[in-house]
Protein chains: 2
Amino acid sequence: MSGRAIPDATVARLPVYHRVLVSLADSGSHTVSSEELATACGVTSAKLRKDLSYLGSYGTRGVGYDVQFLTYQIARELGLTSPWGVVVVGLGNLGRALVSYRGFASRGFQVVGLIDSHPDVVGTVVSVVDRRITVQSVDNLRAIVADNDARIGVITTPADFRCCRSRRP
Amino acid sequence: MSGRAIPDATVARLPVYHRVLVSLADSGSHTVSSEELATACGVTSAKLRKDLSYLGSYGTRGVGYDVQFLTYQIARELGLTSPWGVVVVGLGNLGRALVSYRGFASRGFQVVGLIDSHPDVVGTVVSVVDRRITVQSVDNLRAIVADNDARIGVITTPADFRCCRSRRP
DNA sequence: TAGATTGTTAATCGATTAACAATC
DNA sequence: TAGATTGTTAATCGATTAACAATC
């Protein structure tokens, strides 16, 4: 099953299934049928079973799916089992608000680098959820990304500044 | 052409075409070929022409499309020619920041109502871009929506509060 | 075993693509 | 007219659906 490509339309629905499964687990469900899960996700049970079949055979005929196990398998497929590294560029009000937001960590994102252009800000230490990170110059961006395998960049600079820089690279 | 249903996949791409056309107009283009526009939108020219053909025949063979005219036709199809009414519920920091954000108005949204639960806030007048609107109680929500033909509700209340209310309707 | 539910099949449906006639 | 580009056709490709054999 690992060699086959999963259809785009299926991949697009996996996050929905994952979210609904997490909330099912929160409300105490241990097992769920394709019919129940499909209804909760707003799709048909046939489509849901077809989608899940691309991941593998994780259900039990006559019983349904184990909520924990299926949640994990989808998370694994989506690359949610290890956190995604994020670099935040721009530590104004918005940037500082974002890095202290605990919702990122709980959803599998981890801030691994902070960048700012202002000399007074570079070198300062900022609290990021459970750690403290030193703000660095944009000159170090490439190294930060490489060292931490960062995959996502969040740009929280003023709009006009962003504009300026992209026109004078 | 007005009777036929436009495929979902096409409708999903129209906002992209619209945005790119607006920026082409900003940069002074008067005419654009399907090849140029498609490249700028990240699709193939065949797909673009097929998509546009569902709206009508708005191009000129041998020449291309008039940027202004095509922009307008897509805007009309998307219902962007008259603003969408928005009601904002919750006038804390986030709600107040949103209603004063000029980006909504320039993108075809118009705040037509403000709701808050706090008795001290109800009855106060808030500046909304170019007008001033009186904050009302949630009891008036239905009337506000009906009177202004509001189509979008933005809920900017604390998460736990939102939770509470949905469990005790 | 009997009932329930999955995983898969095959048919249908919708979207994409390449090619080109129409035509400015 | 000659060159360019649209709008449309028909073939291909991918997604959805309903049905049901497999099996817990």
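Atom pair B/L37:CG and D/dT6:C1' shows a separation of 13 Å (rounding to whole Å applied). Spacing between atom CG of A/L55 and atom P of C/dT6 amounts to 15 Å, rounded to whole angstrom units. For the pair A/L52 CG and C/dT6 C1', the computed distance is 10 Å after rounding to whole Å. Rounded to a whole Å, the CG atom of B/L48 is 8 Å from the P atom of D/dT6.
Residues A/T39 and A/E35 are in side-chain contact: their nearest non-hydrogen atoms beyond the backbone lie under 4.5 Å apart. Counting heavy atoms from C-beta outward, B/V125 and B/I133 have side chains that stay 4.5 Å or more apart. Proximity of A/V129 to A/V111: side-chain heavy atoms (C-beta onward) are nowhere separated by under 4.5 Å. Two residues are said to be in side-chain contact when any heavy atoms from C-beta on lie closer than 4.5 Å; A/E77 and A/I6 meet this criterion. The shortest side-chain heavy-atom distance between B/L48 and B/V43 falls under the 4.5 Å cut-off.
B/A150 approaches B/V87 most closely through the heavy-atom pair CB-CG2, 3.8 Å.
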Starting at the 5' end of nucleotides 9-18 of chain C, put B wherever the base has a protein heavy atom under 4.0 Å, S where only the sugar-phosphate does, and a dash everywhere else. B-----SSBB
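Where DNA chain D pairs in unbroken runs of 3 or more (Watson-Crick or G-U, both distances under 3.5 Å), the stems are C:3-24 with D:3-24.
There is no side-chain donor-acceptor pair under 3.5 Å between B/T81 and B/R76.
For the pair A/T60 (side chain) and A/V63 (backbone), a donor-acceptor distance under 3.5 Å is absent.
A side chain to side chain contact (heavy atoms under 4.5 Å, CB included) with A/Y65 is found for one member of A/L52, A/T71, A/L21 and no other, namely A/L52.
Both B/T60 and A/T60 lie near DNA chain D, and the one whose nearest nucleotide falls closer to the 5' end is B/T60.
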Determine whether A/R151 and A/D149 satisfy the following criterion, salt bridge (Lys or Arg N to Asp or Glu O under 4.0 Å), listing intermediate values before the conclusion. CA-CA 6 Å; A/R151 302 294 181 87; A/D149 192 31; 3.3 Å; yes
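Counting distance only, with no hydrogens placed and no angle test, the side-chain atoms of B/R61 and the base atoms of D/dT6 include a donor-acceptor pair under 3.5 Å.
Between A/Y101 and A/F104, the distance separating the two ring centers is shorter than 6.0 angstrom.
Residues of residues 14-34 of chain A having a heavy atom closer than 4.0 Å to DNA chain D: none are found.
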